[in-house]
Amino acid sequence: MEQAPQSKPILELRGIGKQYRSKGRLGKGGGQTVVALSEVSLEFRAGEIFGLVGESGSGKTTCGRLIVGLEKADQGELLLEGRSYGTLKGESLRAYRRQVQIIFQDPYQSLNPQLSILDSVAEPLVTNRVGDNKARLEKVLATLKAVGLSPPEDYAFRFPHQLSGGQRQRVAIARAMILGPKVLVADEPTSMLDASYSAQIFDILLEVRQRLATTIILITHSLAAARYLCDRIAVIYRGRLMETGPADAVISDPRHPYTQALIDATPKFGDCGPIKRYGTLVSPERPASGSAGCAFFRRCGLAHLGRCARQAPELTPLTLGHLVACHYTQEAPAPETGQACRLGGMG
Amino acid sequence: MTALLGVMLLALSPPAAQAVEWDQNILKIGVLEEPKSLNLWLAGDAWSNHVLQLFYQQLYVNRPGDLKKVPWLATGDPQYDPQTLSYTVDLRPARWSDGSPFTAHDVVFTGQLIQKFKVPRFYSLWSFVKSIEAVGDHQVRFVLNRPDASFTARTLATPLVQKTQWEPIVKQCLATKKPLASLLRVSLDHPASSGPFVLKSWRRGVFLHLERNPHFFGQGLSLDGRPLGPHIEGIVFKVYGTSDAAILALRKGSIDFYWNNVQPGYLRDIAGDPAIQVFRNQKSALYFMGFNLRRPPFDDLALRRAVAMLVDKRFIVTRVLQNAGEVMSALVPAGNAFYHLDQVAPYDQELTRGQRVQKAYEILTEAGYTWKTRPMDHAGRVQTCSCLLRPDGSEVPPLTILTPPADYDPQRAMSGMMIQEWLGQVGIMAAARPMAFGAMLEKVKGHHDYDAFVLGYGNLSLDPAWVSAFFVSKNAGKSGWNMSGYHDPQFDALAEKAAKTLDPEQRRDLVLQMQRMVQRDVPFLPLYNPLLVEAARNDRFQGWVPMVGGIGNLWSLCQLRPSGAPAAEVR
Amino acid sequence: MALLEVENLSIGYRTKRGVLQAVDNVSFSVEAGRSLGLVGESGCGKTTIGMALMGLLPRNGRVTAGAMRLMGRDMLGLSREQWRGLRWKEIAMIFQAAMNALNPVQRVGQQIAEAILTHNPGLSRGEAHSQVEGLYQLVGLSLERLRDYPHQYSGGMKQRAVIAMALACNPKIIVADEPTTALDVIVQDQILQETKALQKEFNIGIIFISHDISIVAEVCHHIAIMYAGQMVETGTTDEVFREAKHPYTRALLGSFPALGGERRPLRPIPGEPPLLIGQLAGCRFCDRCPEHGHACKLDPPQWRRFSDTHFALCDHCD
Amino acid sequence: MSAEPQTASQATPRRRSPWRERFREDWLVFNHNPLGRAGLILLSVFGVMALLSFLPPLIDPMYHPMTGVDPQVLYSEGPSARHWLGTDFMGRDILSQLLAGTRVAFMVGVSAAFMSIVLGVSIGMVAGYAGGIIDTLLMRLAEIIMVLPTLLVVLMLSALFGKLNIWTIVLLIALFRWPGVSRVIRAQTLSLKSRPFIDAARVAGASHTRIVFRHIMPNVLPLAFLYMTFRVTAAIVIEAALAFLGFGDPSTVSWGMMLQWVWKTGHMFQAPYWLFPPGLCISLITLSFYLLGRAMDEVLDPRLREENGTV
Amino acid sequence: MARYVAGRLAQIVVILFMIVTILFVLFRLAPGDPVSRMVDPSLSPEEAANLIAQLGLDKPIGQQYLQYLQNFVKGNFGHSFHYGLPVGQVIMAKLPNTILLFTTAMVLSALAGIAWGKVAAWKKGLGTDTALTVAALVTHTLFLPWLALLVIWIFGYKLDWLPINGMISAEVWLDPMSGPVDKALDVAYHMVLPLATLFIMHFGSYLLVMRSSMLQTLREDYIITARAKGLTEREIRNHHAAPNAWLPVITSVGLSLAFSINGGALTETVFSWPGIGRELVMAVSQNDYPLAQASFLLIAMVVLFANLVVDLLYAFFDPRIRY
């Protein structure tokens with residue numbers, strides 16, 4: 001996989017924070033603040049595929065929604081090509097969204113069941129007043145063809161329920177790409193699809209990047225997918241960045257105990273190299289440390305009861321572009337090496 | 001499920017044994033609604049009056065037949081002294097239901113109570129009485145401010161209450177901020193009765209149980225040739241709520257008499273039953289159409305006459321009333337024979353529809369009205385016409401006929417609909433508009449903002465003081481009784497004279513003259529007088545006394561006796 | 001003798017458009033203490049097999065041919081009552097917890113006790129309850145949770161409860177239908193490890209149904225790959241992963257990204273699986289087959305044997 | 001579950017109007033539902049009756065439902081050749097009244113339902129989409145109106161205001177029957193609002209107006225349409241009950257009015273030929289709209305559709 | 001829980017206050033001021049004016065409103081124009097009757113609806129289901145007053161089995177021989193027809209709701225779990241499907257309550273059942289507006305409280321909901 005050209009960041013997040021007020025019923029549980037994102041700073045370079053990896057509830061989806069302006073950040077700012085889009089509203093929001101688009105997780109939900117494929121895909125053109133009807137139709141057909149729905153005439157006049165999941169997700173990509181955005185957020189684009197379809201979607205994303213030099217921000221829970229697609233990745237846990245760096249570096253040499261735990265847990269199918277097991281999880285979980293400490297404190301097997309409970313670690317560079325937020329990165333134990341090939345675990 | 005079945009089974013088994021003795025000789029009367037109140041001063045509804053008239057007696061009552069006033073609690077006619085403008089009445093030695101004597105002080109007390117509290121519905125009859133005094137225990141003297149014919153006819157027919165029962169109540173009421181309101185809110189558990197019956201128990205919404213008043217003066221007495229009783233032990237008023245239930249009860253014998261008008265539909269049902277007797281009696285009622293004489297288009301006599309010509313009263317009586325009524329030509333109903341004007345107005349002859357249109361057409365043409373298309377073609381056939389034009393060439397605007405709503409009186413609402421159609425036949429665009437009663441009165445009486453209306457009075461006093469009240473000029477103001485705004489000096493003079501005339505014959509003559517004027521000028525168009533159709537069983541009790549207002553009356557209930565009992569038996 | 005034998009099983013659903021042949025001629029067997037992974041994409045018939053094994057096919061579904069034997073005993077001829085006695089006691093199921101496998105208005109502990117009581121009518125409530133406590137300890141759930149309702153559990157805890165429930169009557173065979181699909185990787189890993197441990201401990205045969213080949217690889221001894229209602233390849237895990245024979249298996253393996261090793265390009269499978277209504281002659285995969293094209297459209301492919309345990313349903317593989 | 005047939009249609013795609021296609025599909029489902037078909041047939045019978053209602057007065061003025069009377073009939077009489085269903089108390093033809101009543105029922109039902117649906121849908125959509133204080137206020141208002149029994153409210157208002165015009169009644173019914181609809185529409189809007197395709201539309205640059213009209217409305221309209229059938233029945237029943245209690249518009253011959261006449265004029269024991277038809281008509285028209293609604297429900301809910309397909 | 005109930009009660013108070021205000025405004029807005037509507041038309045103007053002053057209706061509207069609110073808070077709804085009695089007394093005399101009839105009818109029809117709906121869903125597609133569903137569809141779309149008239153016509157007139165009006169008969173209550181059992185039986189006897197009418201009208205909707213809710217529940221995974229566990233069909237139906245299925249029925253009872261009250265009022269009117277609904281209809285036609293207002297308010301209050309009870313019941317039966 002060729003390395004993406006090093007260039008100025010096209011999109012930048014600076015100290016983004018976001019809290020939700022939890023909606024409880026009257027009385028219990030209401031009104032508590034839940035931190036979705038805390039002090040997240042990231043740079044996305046033009047033409048790269050950037051992976052945002054984390055478990056459900058880690059804030060990765062919130063991050064994606066913030067990037068396309070579906071949510072407003074409570075703190076921090078968002079820069080597109082150096083220009084700050086602090087308060088996205090009206091025309092500026094529209095202009096911004098011409099550059100930044102998104103594909104959602106569930107292709108069964110992200111297309112309006114009452115609109116034909118043509119109408120759905122053409123919508124960005126209509127709202128941005130691009131071209132006349134005829135030009136739009138042509139553009140839609142061309143885009144459908146580009147995402148592998150061919151012949152496009154067969155698909156344009158159907159309704160979403162007449163398509164399979166994979167086909168729908170392609171339609172969603174077509175809709176996102178039709179305005180030729182600079183940045184595309186792909187929020188778990190394959191988690192609802194069967195493996196054979198997800199490979200198709202991955203391929204389309206790669207092709208899009210190749211052809212249009214679009215920056216793709218891939219939000220995923222799968223390290224394997226991230227490794228396959230991404231140039232760089234960031235691991236996020238409970239709204240905080242744990243580790244970020246080149247995909248290969250992070251996955252083959254994870255330095256954060258959480259990343260290590262993730263890699264431990266991921267099934268290592270087809271991986272016939274030596275298997276390392278880090279064993280960084282602690283069981284049972286510790287009691288919470290309060291809001292001040294490290295986010296991973298409760299589950300971290302390496303944590304110092306003193307320091308980690310009280311102070312959240314900063315992201316610190318280890319090598320060029322590989323940053324880790326842990327107090328004890330240097331003290332990480334060497335992984336134990338397992339059997340040669342993890343196939344049929346029960347051996 | 002089993003619970004439901006259980007309830008149903010339980011319920012299906014008929015309640016307790018039928019052979020019961022308690023209702024021997026007790027008359028069971030079905031009523032639609034229960035009395036609203038047994039407080040005489042509040043109760044204005046028919047259902048309360050059914051009961052109260054058996055408790056609170058009057059000095060004079062109308063007798064069946066000629067409806068003449070005969071002494072009841074009084075003895076002999078009132079003695080008039082023109083010098084002092086005073087009446088003297090002698091009282092019968094009667095007793096209240098608690099055994100205490102009925103005296104002149106009760107009469108004085110009742111009169112003064114009405115005057116002090118200005119009790120609605122009674123005060124207007126007592127406002128011209130200057131003083132009331134008891135001359136001994138059994139004589140009362142009334143001194144008037146001015147001679148007024150309604151004194152003997154109506155004031156002396158005021159129901160009288162017991163002083164000992166009401167005096168403490170009155171004291172309490174007077175002490176409050178709003179004495180009248182307090183008086184109206186009094187509720188008596190056991191009203192003292194000077195009448196044939198006295199209240200035993202009242203279960204609201206279900207029944208009233210009255211028993212014979214042992215102290216009633218009439219027992220064993222024969223008054224006006226009628227042997228008074230009561231000859232029955234008591235009365236149970238049973239509240240039915242719907243007439244279908246009441247009729248069914250009558251058929252089954254659960255009640256002996258249904259004290260309400262029987263709707264025509266039921267008549268066929270009960271007609272075949274030999275145990276049920278149907279009585280038809282006249283009412284003292286007036287159902288009429290009123291016009292607004294204050295503004296066009298009905299300020300024009302010709303138009304009113306044309307409308308009168310178009311309205312087919314016979315149709316209304318036979319169809320809408322199902323023959324349970326009579327065509328009314330003059331104001332005072334035929335039942336009130338003494339004051340009834342027996343002269344058929346020109347528009348009340350038997351005419352066909354075509355003739356009516358023809359005549360109305362003639363009246364209008366004569367008065368200078370024209371049409372875009374005339375209602376009659378040249379051959380004299382009725383045709384669809386359009387657009388009635390006044391003599392000045394302007395169109396008669398669409399007008400509305402206000403009627404009471406169907407739930408209140410379907411017959412009047414229906415009549416309004418028919419009249420609307422008939423007016424259309426000469427090009428008058430009319431629309432019947434049913435309206436809640438209060439709202440309608442507000443428009444008609446309060447604001448005089450209407451064209452025409454259909455109204456009725458179901459229970460007019462037999463004394464025709466109202467004939468003048470409806471049309472004298474001084475009543476034409478806001479909320480006054482002269483709703484149509486009729487103004488005629490000649491009529492005013494007649495009315496004034498009639499009020500002061502005490503001689504019945506002379507007074508009658510004046511009243512007839514006034515009625516003739518109304519017939520001529522048509523401020524009101526009398527429509528019909530419904531007949532009261534009542535049904536009673538004859539297997540348990542007999543001796544109903546028919547009179548105006550139906551067989552449910554004081555006389556009936558005093559004279560009724562069990563079937564088979566010898567008529568001469570006097571207790 | 002194998003614990004469970006399935007021979008030439010075919011299952012059809014009646015639909016408005018005709019009979020949907022969801023499972024066609026599938027055979028496999030499971031032995032005590034061993035696990036078989038049924039892998040395939042959605043609609044391939046794997047869940048239908050699971051349901052048929054429990055005798056829980058929906059009303060419109062019917063076994064049209066073949067046989068199922070539990071310890072040599074024919075299951076298809078069982079009466080409703082016999083099925084009832086068989087279920088859970090002999091063959092239990094682990095459901096995907098996120099799909100509301102637990103009754104929301106009953107306490108979790110009670111739901112497990114209910115299973116025990118149904119099959120051991122002689123037991124008192126207290127005894128059943130103490131058995132449930134034992135199960136909770138076994139799957140690592142805290143005993144305070146016994147009286148909670150399902151909605152008070154996290155996803156991982158629900159899954160553990162479902163596993164506890166499956167173990168309640170010491171079944172010989174457990175059908176695990178996508179047991180970890182909705183879980184996060186770390187929890188998934190824990191559950192899988194525990195399942196393996198329990199299987200070993202109780203010597204249970206497991207049929208593990210999943211669409212995710214990587215998970216099956218973690219857990220199972222044997223693997224059967226299903227496609228469009230048919231089994232297309234079967235063998236030990238090793239055999240299937242190392243020397244996949246059927247083009248579909250190979251394509252499937254090729255479409256999963258791996259975490260380690262070299263980054264190799266994925267090989268997506270083009271097209272869509274066929275609709276299973278009506279006559280399907282020839283190889284069902286041939287329209288999408290990247291290796292042998294349309295050559296096998298007409299004749300139904302034959303099973304080819306590669307070892308005692310390794311077979312593939314393809315005429316052209318070697 | 002794999003029991004579902006694959007949604008991916010293998011048939012060659014057609015380039016026909018997608019809407020017609022969908023309509024055809026829905027119609028097929030609808031047509032497969034025997035109860036829905038029964039409802040439709042009943043409804044068409046009523047439709048024909050409503051059309052026929054113009055006929056009798058043209059044949060003879062005595063067949064005018066309100067003002068026409070048979071000169072030869074003085075009392076309510078049973079069925080005869082002249083009057084197939086008999087006459088009412090003043091000699092009017094019951095059949096003509098019944099036909100005229102059909103027209104009124106349709107008029108009242110459809111217009112009141114339409115109005116309350118328009119109100120309910122707009123309020124529900126606004127409340128659901130806008131959220132916040134607007135939502136709270138509108139829903140509180142809906143709640144207040146919801147606890148009021150419509151019939152009694154309309155009864156009280158019509159007694160108070162005395163304007164018993166049929167259109168006023170229609171308006172009142174509409175004004176008091178929207179909250180149920182708006183609650184449902186609001187819930188639907190809320191769930192739609194959180195669906196990714198709305199987010200997708202926002203990202204595509206759609207304005208709020210566009211989202212509401214282009215994306216939310218088409219998705220709530222089928223539901224609104226479904227509720228309309230139920231509201232039609234509610235409106236017809238309320239108007240009939242009002243007329244039955246004597247608070248209707250006496251210049252309109254409605255079925256409720258006919259029942260009131262038969263009840264209030266004392267014919268209910270003697271004239272079953274007059275008592276049965278109007279009540280039967282009210283009940284049947286209610287039933288037919290209800291069946292229609294249920295069948296539509298099935299068209300709208302694919303799960304119900306599936307279930308029916310397999311049996 | 002207590003906080004939730006308190007919150008809901010506060011909400012109810014606010015809603016009641018608004019309804020009270022709306023009622024007041026409506027009664028004053030109506031054409032023809034309240035005076036002319038309540039005062040006997042046969043009174044002379046002088047008498048009427050006196051009466052109006054006595055009843056305090058001549059004061060400015062604002063003052064009347066304040067007075068009205070004050071009285072309302074004190075629980076004083078004024079005196080009925082018609083009965084001359086305190087409105088509270090009139091209503092309280094009728095309320096138990098309504099509760100007796102209406103609650104019995106609702107509970108019975110809900111129980112029957114739930115039980116039969118359960119059976120219908122369980123036997124989906126079979127004869128039992130078809131019969132029950134069609135019966136439910138037909139009965140619950142009947143026009144209630146007509147049904148009531150039919151019931152009267154058949155059981156009261158043609159067959160002459162049962163009383164068709166009122167709640168008790170004078171004969172039994174006046175008879176010194178009849179004891180409490182006779183009286184109770186008498187009430188039950190009178191209740192059969194109105195109860196049957198309401199029951200026939202209402203069980204259908206509960207049946208249909210229960211049926212569809214049950215069908216939905218039967219598709220849930222925990223039913224498969226239960227079946228897989230080897231439970232008997234009966235156990236699955238009664239312990240797993242039904243307890244989940246009838247939760248929506250509770251909600252539907254609450255939501256349809258206001259509408260059912262219409263039917264209650266109609267039934268009371270046709271059968272002359274001395275209840276609050278009939279009282280309201282009569283008060284309305286007699287322009288007895290203190291009584292009409294108060295009855296209406298009471299009905300609204302009952303609906304509001306019933307909804308609260310329904311919500312609490314729901315929370316009681318559904319462990320997922322805790323306030």
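Every chain is numbered from 1 and lettered A, B, ... according to where its sequence line falls, protein lines coming before strand lines. Since the model is a prediction, treat every value here as computed from it, not as a measurement.
For chain A, the nearby parts of E41(C) are the backbone and the side chain; heavy atoms of each come within less than 4.5 Å. Of the two parts of L281(A), only the side chain, counted from C-beta on, holds a non-hydrogen atom closer than 4.5 Å to a non-hydrogen atom of chain C.
Every residue meeting the side chain to side chain contact (heavy atoms under 4.5 Å, CB included) condition with V105(C), not counting sequence neighbours, appears here in chain and number order: N103(C), P243(E), N244(E), L247(E), D318(E), P319(E), R320(E).
Taking each heavy atom of P257(C) and Y228(A) in turn, the nearest pair found is CB-CB, 3.6 Å. When all heavy atoms are compared, the tightest approach of P273(C) to Y197(A) is CD-OH, 3.5 Å.
Of the listed residues A199(A), A261(A), A225(A), the one with more heavy-atom pairs under 4.5 angstrom with chain C than any other is A199(A). With respect to chain A, the highest number of heavy-atom pairs below 4.5 Å among I269(C), V185(C), I186(C) belongs to I186(C).
Note that CG of D189(C) and CD1 of I263(A) are 12.5 Å apart. Values are rounded to the nearest 0.5 Å. The line from NE2 of H221(A) to CD of Q188(C) is 8.0 Å long, rounded to the nearest 0.5 Å.
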Open item on the list: One pair to check against side-chain contact (heavy atoms from CB on, under 4.5 Å): L266(C) and Q200(A). What are the steps and the verdict?
Closed with: CA-CA 9 Å; L266(C) 296 183; Q200(A) 294 173 3; over 6 Å; no
Compile the donor-acceptor pairs under 3.5 Å between side chains in residues 222-230 of chain C and protein atoms, sequence neighbours left out, one pair per line.
{"residue": "Y227(C)", "atom": "OH", "partner": "R288(C)", "partner atom": "NH1", "Å": "3.2"}

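Side chain of D184(C) to backbone of S56(A): a donor-acceptor contact under 3.5 angstrom is found.
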